[in-house]
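Below is one structure, written out as structure tokens; comments come after it.
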Amino acid sequence: MRGEKMTNEQKCNIGVIGLGVMGSSLAKNMINHGFCTALYSVSDQERKRFESGKNNYRIFGSIKEFISSLERPRKVFLMITAGKPVDMVIASLLPLLDRGDIIMDGGNSYYKDTAVRCSECAKLGILYMGIGISGGEKGALYGPSIMAGGSPQAWECVRAILEAIAARHQGKACCGYIAEGGAGHYVKMVHNGIEYAVLELIAETYQYMRFVKKMGAGEIRSVFEQWNEGPLNSYLIEISATVLGKKEEDGGCLIDKILDVAEQKGTGKWTVAESVERGVYIPSIYEAQMARIFSTKKEERTYGAANLKYSSNEAPGLRTEEMEKALLLSMILAYSQGFELISKAAEEENWNIDLAGLAAVWKDGCIIRSALLGRIEQAEELSGKPLILSAAFSDIGTLEGSLRKMAAAAVLSGMPLPCIQASLQYYDYYRSDQMPVNFIQALRDYFGAHTYMRCDREGHFHTEWE
Ligand code: 6PG
């Protein structure tokens, strides 16, 4: 025990298991908000390393002592690696918990695992929650965005704590109950999918400025700084400017020394797999995922750069304001895709998700926080349509020309900007009142008698084509 003022008899309001970067930051956030917090970690090192200027906490290396230090109903927050470790910790907790106690998983768990854990725990009278937490280390410490899912009864018990530690936007906690089962982790997964797309869109815009327009890192930094004052205002644009300003000891820009190979932990891949499973078109998120996968082919890319033919073409040059418009529209389209996927999942899983409420939860604390979310919150209140078709975004036509120009510039200059192009593709699909799948229908009927539908009559038809 480290907190001098807490006695062994005094019960803690909440317990945190796992004192890695995210766990210890979240625990400090709880402690700083005055909650008596019990901390548990198997790692001696993690326990020793934990430092807080406050004394309203106790640290345990024994799970039994940790559990018995908690007031009832016990509230245990897991901040551990997703996957097997979560099941192992749950198994070690269950014999020590009583009916009505609460387990919360704050990691990036797969939503189907969370749904199973919810129902398995419910059978034993334990209330389970899967909680999406976004904001990285700083967010966890000073106020993350919190997407709670699972037992509604547990939510009522833990709501005050979660709202207290969450980020605030104009005084309102960026924390909300999403729906039952794995819904909290589902929306966090899609949040990450949108995060992948926005990161890729920013990176592609940087790529265009750096290697097509041949601008230096310092110049690009100024552009991002300027953009952050306008409709693109967001956390990711803000940190893009900071990244571009980072110098090494020799005065060179750090960004120029970072290898162009991206890593990932899996939430983007899950989002893409979900979109295929549920039949939702999310090309920007898909291309962002694929860009990370393709980036690992460094050797082949270097060979291809020297050997694959490129026919030089005159590409349109874009002004800064046009690039800003192109990036803004492609970001709107990426959010639109994410919200579409969540709507579809909500429909299929019977989750009653308040999409405007979700946009409000994302307005601060999370990685994809941006001025756009204020507009999305309004749009979702106004209609149940995809964002791209909602009245609140009826002005996107003024941005379309710039996105098209940037996509054309990418094609003609031989610079792959797949996420920019895919975003335009999504826009153009929504403009397509005639798709060529009538032809596919005819061919399918020809070779397999699969039948087709007609524009002028109800029903399914077959033709003897020869
Ligand atoms: C957040 C982040 C966080 C993490 C991503 C990184 O919302 O705080 O999304 O969850 O940074 O999981 O994911 P990749 O390693 O896959 O890029």
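In listed order, ligands and their atoms are each counted from 1. All values reported here derive from a predicted model rather than from experimental measurement.
Of the possible polar contacts, none joining the Asn228 side chain to the Ile237 backbone as a donor-acceptor pair under 3.5 Å is found. Between the Glu46 side chain and the Leu19 main chain, a donor and an acceptor come within less than 3.5 Å of each other. The backbone N or O of Gly365 sits less than 3.5 Å from a side-chain atom of Arg369, completing a donor-acceptor pair.
A cation-pi arrangement, defined by a distance under 6.0 Å to the six-membered ring centre and an angle within 45 degrees of its axis, is absent between Arg159 and Tyr177.
Around ligand 1 you find Asn108, Ser134, Gly135, Gly136, Lys188, His191, Asn192, Glu195, Tyr196, Gln264, Lys265, Gly266, Arg292, Ile367, each with a heavy-atom distance below 4.0 Å.
Side-chain contact between Thr267 and Trp270 is present, with at least one heavy-atom pair separated by less than 4.5 Å.
Atom CD of Glu263 sits in a sparse spot, with 12 or fewer heavy atoms from other residues, nucleotides or ligands closer than 6.0 Å.
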